[in-house]
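Have a look at the structure below, then the notes.
This one's a predicted model, so the numbers in the text were calculated from it and none came from an experiment. Hydrogens, waters and symmetry mates play no part in the numbers below; they use all other heavy atoms, side chains included.
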Amino acid sequence: MKEWWVQVGLLTVPLLAVYLHIPPPKLSPALLSWRSSGGYFTYKDQNIFYRDSTGAVGSSDVVVLLHGFPTSSYDWYKIWEGLTQRFHRVIALDFVGFGFSDKPRPHRYSIFEQASIVEGLVRHLGLRHQRINLLSHDYGDTVAQELLH
């Protein structure tokens with residue numbers, strides 16, 4: 001008689017194979033709208049999704065939003081409009097491995113890399129010498145700490 005783990009493996013492997021070939025669910029209209037109002041920039045061969053909105057007239061303040069784990073820039077959708085009423089520019093990105101950004105495999109993800117990607121986006125948008133406000137939560141807090149360092 002075969003060992004129990006062999007029988008479990010014989011059952012699990014085909015189920016896993018079927019699971020990996022199931023297409024992802026369709027995006028909701030809200031997510032489709034979020035994606036269509038954003039863009040991409042390239043950081044070390046990775047496509048990084050971001051949104052950049054102009055808002056308050058007369059303000060020069062810029063805010064960069066850093067999302068949590070395991071989510072995306074869409075975390076901020078409920079307060080996006082309010083932020084555009086306060087800040088001149090509101091910018092959010094999906095960290096590599098999250099949201100609409102590339103998800104390379106295999107890849108050694110790190111907080112340091114995520115912080116470098118944020119710096120790359122700031123350069124890409126021509127904001128390198130601009131004063132920038134950070135708004136973050138969860139995983140984004142750690143990235144923000146690295147940026148502040």
Any His88 side-chain heavy atom under 4.5 Å of Asp61 side chain: no
Check whether any side-chain N or O of Gln114 sits under 3.5 Å from a backbone N or O of Val96 as a donor-acceptor pair, and report yes or no.
-> yes
Quick note, salt bridge (charged side-chain N to carboxylate O under 4.0 Å, His left out) partners involving residues 113-127, not counting sequence neighbours, are none
Do Phe98 and Leu31 share a hydrophobic cluster, counting only Ile, Leu, Val, Met, Phe, Trp and Tyr and linking them when any side-chain heavy atoms are less than 4.5 Å apart?
no
Original post:
Quick one: do the Arg51 and Ser73 side chains pair a donor with an acceptor below 3.5 Å?
Top reply: no
His137 and Gly68 have their tightest heavy-atom pair at NE2-N, 3.4 Å
Any side-chain heavy atom of Ile91 within less than 4.5 Å of one from Val62? yes
*Checking Lys103 side chain against Gly99 main chain: does a donor-acceptor pair fall under 3.5 Å?*
yes
* Asked: Among the clusters formed by ILVMFWY side chains lying less than 4.5 Å apart, do Phe112 and Leu148 turn up in the same one?
  -> no
To the nearest 0.5 Å, atom CZ of Phe95 lies from atom OG of Ser101 at 9.5 Å
Rounding to 0.5 Å, atoms CG (Leu121) and CZ (Phe41) come to a distance of 4.5 Å
Notebook entry, point to check: Got Leu134 and Val63 here, is their nearest side-chain heavy-atom distance under 4.5 Å?
Noted result: no
d(Ile48 CD1, Phe100 CZ) to nearest 0.5 Å is 13.5 Å
Side chains of His67 and Asp94: do they bring a donor and an acceptor to under 3.5 Å?
-> no
Tightest non-hydrogen contact, residues Tyr43 and Ser116, listed as OH-CB, 3.1 Å
Tyr74, Val90: one ILVMFWY side-chain cluster at the under-4.5 Å cut-off?
-> yes
Value for CG (Asn47) from CG (Asp102), rounded to nearest 0.5 Å, stands at 4.5 Å
To the nearest 0.5 Å, atom OH of Tyr139 lies from atom CG of Leu66 at 11.0 Å
Connected via hydrophobic side-chain network under 4.5 Å: Leu65 and Phe69:
no
**Study point:** Under 3.5 Å: donor-acceptor pair, side chain of Ser36, backbone of Leu32
**Key:** yes
Query raised in the report: Transitively linked via ILVMFWY side-chain contacts under 4.5 Å: Leu83 with Val64?
Result: no
Run the ring-centre check on Trp34 versus Trp80 and record whether the distance is less than 6.0 Å. yes
Rounded to the nearest 0.5 angstrom, the CG-CG distance for Asp141 and Leu135 is 9.0 Å
### Task
Taking the side chain as every heavy atom from C-beta outward, state whether Leu127 and Arg89 have any pair of such atoms under 4.5 Å apart.
yes
